[in-house]
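Notes follow the structure.
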Number of protein chains: 2
Amino acid sequence: MDLTERKKRILRAIIESYIQSAEPVGSKAIASSIGMEVSSATIRNEMADLESLGLLEKPHTSAGRIPSPKGYRFYVNELMEEHKLSLQETERINQALRLKMQELDRVLDQAGRVVSQLTNYPAFALSSGMSRVTIRRFDLLMVEHNAFIIVVMTDTNVVRNRLIRLPTDLTEAQLQMLNTLLNATFTGLPLDEITPELMRVAQHAAGEAYGLISLVVSFAMEVLESLEQRTVHTSGIAHLLELPEYRSLERAQPLLSYLSEDADPGRFPVPKDAAMKILIGPENVADALKDTSVVVASYDIGEGMRGVIGVVGPTRMDYAKITARLSYLAEGLSRLFGHGELPGGSDDHK
Amino acid sequence: MDLTERKKRILRAIIESYIQSAEPVGSKAIASSIGMEVSSATIRNEMADLESLGLLEKPHTSAGRIPSPKGYRFYVNELMEEHKLSLQETERINQALRLKMQELDRVLDQAGRVVSQLTNYPAFALSSGMSRVTIRRFDLLMVEHNAFIIVVMTDTNVVRNRLIRLPTDLTEAQLQMLNTLLNATFTGLPLDEITPELMRVAQHAAGEAYGLISLVVSFAMEVLESLEQRTVHTSGIAHLLELPEYRSLERAQPLLSYLSEDADPGRFPVPKDAAMKILIGPENVADALKDTSVVVASYDIGEGMRGVIGVVGPTRMDYAKITARLSYLAEGLSRLFGHGELPGGSDDHK
DNA sequence: TTTAGCACTCATACTACCTGAGTGCTAAAG
DNA sequence: CTTTAGCACTCAGGTAGTATGAGTGCTAAA
């Protein structure tokens, strides 16, 4: 798509004005914007051209123009200038990283919350799923004669635990034996290779304590399952209502519902390749997002995992500012995790 | 407050009709409701009486009456009949308990989600904080020569863990020594008794490995902190928009914002004494809830902790149905935890 | 190629008006 | 003393007509 320099300037002026005001912008407004030395009629002609190129749209005959998704795409790809974060902004993000991540108990969730506060848009956060996780090791810790703790660690260095109480007593030796057996039999296996036969063999080998095998293994399977299935966290969805485009409930409700019904992930786009991705309007797969834009960034969690944070908003969102903030934050998160400092690949929580 | 039998019947009819329709109910409607053998004029007189008692209100002169908060309170206390759960309803709840709690990684959160689905109202869930939790035991598990897992267990039987990587290597013996030292020094202490002096003494005793002490202990402190500080989870807030009273954004927005800004707990009422509590309109402390009703139930999590789940809705919510469902679910949760079955006092999660 | 002028479009706001549900009061009937 | 019928009155909500003004496309002149 080749445009004259003037057309580009006009398009950009329109888009940036619309991003600010959410109102269709007319030829007069552009003509009087500084640096435009032509009359409104000329602008009108140019705008007509831009419209026939599919970059602009008219809500109705006698309104100004608004950018089309294609227009935003062109803007994002070619017109948009890098937004420089102000010192205050970077400071605010750094502070959020420091402050939040200390007391953080769920990294992802918290990251999403920070993004939402930072951008004033609803945000979502998820971990990019890793398939074929396996258990690397089991540890059984005796607590009392009738209670012990299972600790499992995966090959991605995630550690999970559970306290188990028993109706019967148990000796330290039995627990040791069980521990060895588990490590010998069930480590290194992905979820779908933990078969009932395998279980039966192990239970046979366990002798008296055969019942415990299934307890521990099913916990391990739960862990594997929960890791393969990503969960999404959304936050700040109430921000939507502050935007003029969502002042009417008909518009707001479907999107709100879509964002707040957790559970099934995969509803949100995940950048496979790039670190950052912008999806404008109909570029989104999900129907509920067809009228919105999504900006996603991914960051390195370490241990082969990636975290994904994203922002959902109207197509007229301030891409320059949002991408700047998001990428700065994502970098910060990468660094934070990269250091292997605080949360590492571990977990803590509740 | 003493009312004639007829006044009670009328009040009840009005409230139940309003709960259904959300529209002011007039004298005619009541008169023609079966079992009322008097004319609308008589009803009007009675309604005027009920209004002067503060049990009813008029939105404006020529509309019907709506119940006042006081009216609802009277209804809840004296008029409401026990709602019997249908077989389908109990089955649905049981199923939710079974299904959801299996794959559950955050009990509270999930409980809230179930409630919201069950009632079609926004729900919140939190654990009633327990003060003065202490660490019962530490376990350090060697993973590699430069990495180990901390597992701590509190006296309330919550288990948490974290993976620690080190820049230097570590011998099994050192880890053992550290483990013993930790258990000797830091168990049985509430958060505020873990003083810097204590740390210094322990670090001195640890010799070479003194740096690890602070790592492990600060993790333990994090755990204690996170347990004393309750967190809230809200879910299903989009359900609000389905209700006629929140079809206008002015009404909906403040409440939505209130519900979705997580972080500070204590925003939600917690039943101190009873198992179930109903707060109607102005009975709520929080300003944002002055126009809403809240129904909360608490359930036994075991190990001295209680969970709290609650529902937020308009004052005209169907108290009979909601309380029935909530208390059945709370019982189910109590039983589920009581058995020490699945999640027990433990944790797993992400 | 640019500009001024002009007729035309159409969403939005405003006004006036009507309708109907519901009320309170009064006076008669039980 | 209670209940009922009748009637005037109130008032939110809907409908219709009208004005306003921002913005457009087209034409013709610069």
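In the text below, chain A, chain B and the rest are named by the order of the sequence lines, each starting its count at 1.
Taking side-chain N and O atoms only, A:Thr42 has no distance below 4.0 Å to OP1 or OP2 of C:dT2.
D:dA22 atom C1' lies 11 Å from atom CD of A:Glu23, rounded to whole Å. When the C1' atom of D:dC1 is taken as reference, atom CZ of B:Arg6 falls 12 Å away, rounded to whole Å. Distance A:His60 NE2 to C:dC10 P: 9 Å, rounded to the nearest Å. With rounding to whole Å, B:Ile10 atom CD1 is found 13 Å from D:dT2 atom C1'. Look at CD1 on A:Ile43: it is 12 Å from P on C:dA4, rounded to the nearest Å.
The two residues B:Met317 and B:Val311 have their closest heavy-atom pair at CE-O, 4.3 Å. A:Leu85 and A:Arg325 make their closest contact through CD2-CG, 3.7 Å (heavy atoms, listed as atom of the first residue, atom of the second, distance).
When both distances must be under 3.5 Å, the Watson-Crick or G-U wobble mate of D:dT4 is C:dA27. Under the Watson-Crick and G-U wobble criteria, each requiring two contacts below 3.5 Å, nucleotide C:dT12 is paired to D:dA19. The partner of D:dA30, taking Watson-Crick or G-U wobble pairs whose two distances both stay under 3.5 Å, is C:dT1.
Surrounding CD of A:Glu242 are more than 12 heavy atoms belonging to other residues, nucleotides or ligands, all under 6.0 Å away.
Between the side chains of B:Glu16 and B:Tyr75, a donor-acceptor pair is found at a separation under 3.5 Å.
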Interface polar pairs with nucleotides 21-28 of chain C, N/O, under 3.5 angstrom:
from	atom 1	to	atom 2	distance (Å)
C:dG22	O4'	B:Ser62	O	3.3
C:dG22	O3'	B:Ala63	O	3.3
C:dT23	OP1	B:Arg65	NH1	3.4
C:dT23	OP2	B:Ser27	N	3.2
C:dT23	OP2	B:Ser27	OG	2.7
C:dG24	OP1	B:Lys58	NZ	3.2
C:dG24	OP1	B:Arg65	NH2	3.0
C:dG24	N7	B:Arg44	NE	3.2
C:dG24	O6	B:Arg44	NH2	3.4

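The 5' end of DNA chain D is approached more closely, in terms of each residue's nearest nucleotide, by B:Ser40 than by the other of B:Pro59 and B:Ser40.
When side chains are defined from C-beta on, A:Val294 counts as touching A:Phe124, because their heavy atoms get closer than 4.5 Å.
Contacts of A:Tyr72 classified as ring pair (Phe, Tyr, Trp, His ring centres under 6.0 Å), with partners at least two apart in sequence or in another chain: A:Tyr319.
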